[in-house]
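Each chain gets a letter, A, B and so on, in the order its sequence line appears, and its residues count up from 1.
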Amino acid sequence: MRLSQFPLSTLKETPNDAEIVSHQLMLRAGLIRRLASGLYTWMPLGLRVLKKVEAIVREEMNSAGGVELLMPTIQPTELWQESGRLEQYGPELLRLSDRHERPFCYGPTHEEVITDLARREIKSYKQLPVNFYQIQLKFRDEIRPRFGVMRAREFVMKDAYSFHLDADSLQNTYEAMYRAYSNIFTRLGLRFRAVHADTGSIGGNASHEFHVLADSGEDAIAFCPDSDYAANVELAECLAPSAERPTATAAMEKTATPQAKTIEDLCQQFDLTASQTIKTLIVEASEECDADFVALLLRGDHELNDIKAEKHPWIKAPLSFAEEKAIRKVVGAGPGSLGPINLPLPVIGDRAVASLGGFATGANEDGFHWFGAHWERDVDLPELADLRNIQAGDPSPDGAGHIEIVRGIEVGHIFQLGTKYSESMGATVLDENGKDSVMTMGCYGIGVTRVIAAAIEQNHDNKGIVWPDNIAPFKLAIVPLNQNKSERVRDYAEELYRQCQSKGIDVVLDDRDARPGVKFADIELVGIPHRIVVGDRGLDNGALEYKGRGDADSRDIPLDQLDELLQSLV
RNA sequence: CGGAGUAUAGCUCAGCUUGGUAGAGCGCUGCCUUCGGGAGGCAGAGGUCGCAGGUUCGAAUCCUGCUACUCCGACCA
């Protein structure tokens with residue numbers, strides 16, 4: 001490709017509606033343009049990246065036994081009624097109707113369509129297992145699209161659906177998909193991690209999310225460097241501390257703490273550490289609980305995990321905190337002075353608070369705290385539960401070491417679905433005995449367009465994108481300098497360009513009539529991994545200048561060693 | 001949907017408080033100069049100031065309503 005013939009549209013300044021780097025760089029490098037909220041046009045340059053990602057996904061899916069098909073984006077709403085998901089999906093489902101007023105929706109996912117297909121096409125266990133996949137646009141009318149293509153409303157997704165006679169077969173395909181996903185993200189050149197995920201409302205017995213590791217990631221992942229344990233922080237279980245509770249010595253002491261409204265204040269003013277304190281949060285109780293509110297106890301340095309809390313039968317879901325007025329009415333003191341001692345409410349303690357001894361906590365009297373309190377001597381040990389977020393340094397739930405936390409972007413998710421859809425939609429086959437048997441399903445998604453944003457989040461510097469080789473829009477840029485004046489430079493660059501093309505190198509020639517600074521800046525912004533500069537200065541020395549996008553400096557390549565370099569780029 | 005904010009040239013923004021015929025930088029077009037890190041000069045093109053009402057002799061500016069977009073929360077590939 002010649003850049004003089006390619007509509008490259010780079011931006012020097014950062015558009016102000018882009019918040020995260022990947023979005024900014026995708027706009028600046030001219031990969032995408034926004035049409036409306038959550039809707040993006042893939043520009044020629046961006047499309048090259050998209051096609052490369054798709055190709056890798058396709059190859060790995062095929063070699064893992066997947067079969068590609070293509071389902072419509074528009075689906076009849078009837079199918080969603082059948083599966084029972086119409087209400088569940090709610091306003092995120094974009095509904096439309098045709099000229100006959102028949103209800104349709106723009107597919108946010110394709111379980112219904114594929115299950116409908118399967119029940120028509122698959123009659124015998126001999127046709128199983130199969131794993132259909134497609135690479136198709138989806139539309140989800142997200143409440144809040146953001147971060148460009150990272151959370152768009154319309155996006156490209158690779159979705160696969162497998163059908164099986166039994167759970168063992170599903171397990172095999174599931175494992176094959178796990179491996180395929182690992183291969184895909186490896187080939188894409190990304191640092192990623194597969195993590196245990198909640199099977200949640202979809203049910204089934206296994207689910208993994210694949211996360212690209214990046215500081216800007218929306219999810220926090222807890223993993224153990226000494227084992228293969230990795231889970232979303234929201235789900236990672238916090239084990240009860242193994243340490244013995246210290247024995248009581250001095251009696252507890254009521255202390256005036258008028259200036260201490262927070263744990264932080266308290267620690268500063270009274271020389272305590274947060275892990276010696278207990279904080280008390282008041283939340284609304286569920287109907288199952290006979291009080292209006294429930295008190296939750298957490299160690300001062302721990303954070304409440306909403307999801308875990310909501311799972312407790314006494315606590316109302318979704319979680320909601322009591323208002324100060326209500327707290328004062330029930331307890332007689334405001335937040336900042338609350339504690340479990342003489343608290344007229346049901347209490348749930350996080351596991352970690354149970355092993356504290358001599359702790360500080362609010363006295364349920366404004367401006368006072370108890371110091372040196374002990375369980376059982378001063379107050380009964382409450383009901384215990386896992387209520388907090390796991391933290392770096394906590395023991396791994398699998399007992400193999402200590403947890404570290406990284407941030408990640410969810411780019412893939414694999415599920416063992418079971419019979420949720422096949423059951424409700426009547427997708428059955430005849431088994432060996434000639435009996436109807438409900439097929440068991442798995443489903444496997446990759447956010448293809450999101451992968452691209454994630455790749456940029458993970459690979460960029462202050463000059464722009466630093467693409468991994470395999471998904472760069474071009475692999476090599478040839479940059480002739482002063483080509484208009486120097487015939488020698490022009491001829492050499494043209495010759496080199498031809499040579500690269502004949503070797504099958506994915507090359508772009510920057511034959512634009514632009515100044516060197518402009519060319520360098522564009523090539524770097526766009527993130528082309530390899531660059532060869534052809535200039536008079538180099539040719540005088542019988543050399544070309546090579547620079548990898550991630551390299552600090554360029555280096556001269558003597559003309560007679562050029563072939564070697566080109567060979568490595570094929 | 002709740003909360004916060006923005007809307008003026010292709011992009012980044014000034015002008016609005018205190019109403020008086022619309023500005024800059026970058027980008028774009030032409031010419032000259034320059035040619036190893038987003039150069040310099042000259043000349044240009046480009047805006048119903050988001051939309052609709054209102055106040056006023058006069059509205060980008062003040063008032064009301066609407067719309068779009070962005071950010072924070074729940075959702076997700």
Chemist: Identify whether any heavy atom of L11(A) sits under 4.0 Å from a base atom; if not, whether one sits that close to sugar-phosphate; answer base, sugar-phosphate or nothing.
Modeler: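 Nothing: the residue L11(A), judged by heavy atoms under 4.0 Å, touches no strand.
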Chemist: When we call it a touch if two heavy atoms are under 4.0 Å apart, what does G517(A) touch: a base, just sugar-phosphate, or nothing?
Modeler: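 Sugar-phosphate, no base atom in range.
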Chemist: Please confirm whether the shortest side-chain N or O distance from R450(A) to OP1 or OP2 of C76(B) is below 4.0 Å.
Modeler: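 Indeed not, no polar side-chain atom of R450(A) lies that close.
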Chemist: Contact class for N484(A) (heavy atom, under 4.0 Å): base, sugar-phosphate, or nothing?
Modeler: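 Answer is nothing: N484(A) stays at 4.0 Å or more from every strand.
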Chemist: Using both distances under 3.5 Å as the test, list the Watson-Crick or G-U wobble partner of G44(B), or none.
Modeler: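 Looking at the geometry, G44(B) pairs with C28(B).
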Chemist: I'd like to know whether CD of E303(A) has more than 12 heavy-atom contacts from other residues, nucleotides or ligands below 6.0 angstrom.
Modeler: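 No, not enclosed.
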Chemist: For nucleotides 28-34 of chain B, list the nitrogen or oxygen atoms of the protein found under 3.5 Å from its nitrogen or oxygen atoms, one pair per line.
Modeler:
residue: U34(B); atom: O2; partner: R515(A); partner atom: NH1; Å: 2.5

Chemist: When the P atoms of U6(B) and C42(B) are considered, how many whole Å apart are they?
Modeler: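 Pairwise P distance, U6(B) against C42(B), rounds to 37 Å.
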Chemist: Ignoring the backbone of P15(A), work out which of G38(B), A77(B), U12(B) is nearest its side chain.
Modeler: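 The listed nucleotide nearest to P15(A)'s side chain is U12(B).
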Chemist: In terms of side-chain heavy atoms of E13(A), which of C11(B), A77(B), C72(B) is nearest?
Modeler: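 Closest nucleotide to the E13(A) side chain: C11(B).
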Chemist: Name each donor-acceptor pair under 3.5 Å that joins a side chain in residues 538-549 of chain A to protein atoms two or more places apart or in another chain, with its distance.
Modeler:
residue: D540(A); atom: OD1; partner: R488(A); partner atom: NH1; Å: 3.2
residue: D540(A); atom: OD1; partner: R488(A); partner atom: NH2; Å: 2.8
residue: N541(A); atom: ND2; partner: R537(A); partner atom: O; Å: 3.4
residue: E545(A); atom: OE2; partner: R531(A); partner atom: NH2; Å: 3.4
residue: Y546(A); atom: OH; partner: H530(A); partner atom: ND1; Å: 2.6
residue: K547(A); atom: NZ; partner: D551(A); partner atom: O; Å: 3.2
residue: R549(A); atom: NE; partner: I465(A); partner atom: O; Å: 3.2
residue: R549(A); atom: NE; partner: E524(A); partner atom: O; Å: 3.0
residue: R549(A); atom: NH1; partner: D461(A); partner atom: OD2; Å: 2.8
residue: R549(A); atom: NH2; partner: D461(A); partner atom: OD1; Å: 2.9
residue: R549(A); atom: NH2; partner: I465(A); partner atom: O; Å: 3.3
residue: R549(A); atom: NH2; partner: E524(A); partner atom: O; Å: 3.0

Chemist: So, Q75(A) and W80(A): side-chain donor and acceptor under 3.5 Å apart, yes or no?
Modeler: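 The criterion, which ignores hydrogens and geometry beyond distance, is satisfied for W80(A) and Q75(A).
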Chemist: Looking at R144(A), I'd like to know whether one of its side-chain N or O atoms comes within less than 4.0 Å of OP1 or OP2 on C72(B).
Modeler: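 Yes, within the criterion.
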Chemist: Considering only residues two or more places apart or on different chains, which pairs with a residue in residues 145-158 of chain A satisfy side chain to side chain donor-acceptor pair (under 3.5 Å)?
Modeler: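 Qualifying pairs, neighbours excluded: D141(A)-R153(A), R151(A)-E218(A), K158(A)-Y181(A).
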Chemist: State which of G36(B), A39(B), C76(B) makes the closest approach to the side chain of L481(A).
Modeler: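 Of G36(B), A39(B), C76(B), G36(B) is nearest to the side chain of L481(A).
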Chemist: In terms of side-chain heavy atoms of E218(A), which of C71(B), U70(B), C75(B) is nearest?
Modeler: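 When the side chain of E218(A) is considered, C75(B) is the closest of C71(B), U70(B), C75(B).
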Chemist: Specify the separation, in whole Å, of atom CE of M157(A) and atom C1' of A77(B).
Modeler: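 Distance check: M157(A) CE to A77(B) C1' gives 5 Å.
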Chemist: With rounding to whole Å, what would you report as the distance between C62(B) and C49(B) at their P atoms?
Modeler: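 It comes out at 15 Å once rounded to the nearest Å.
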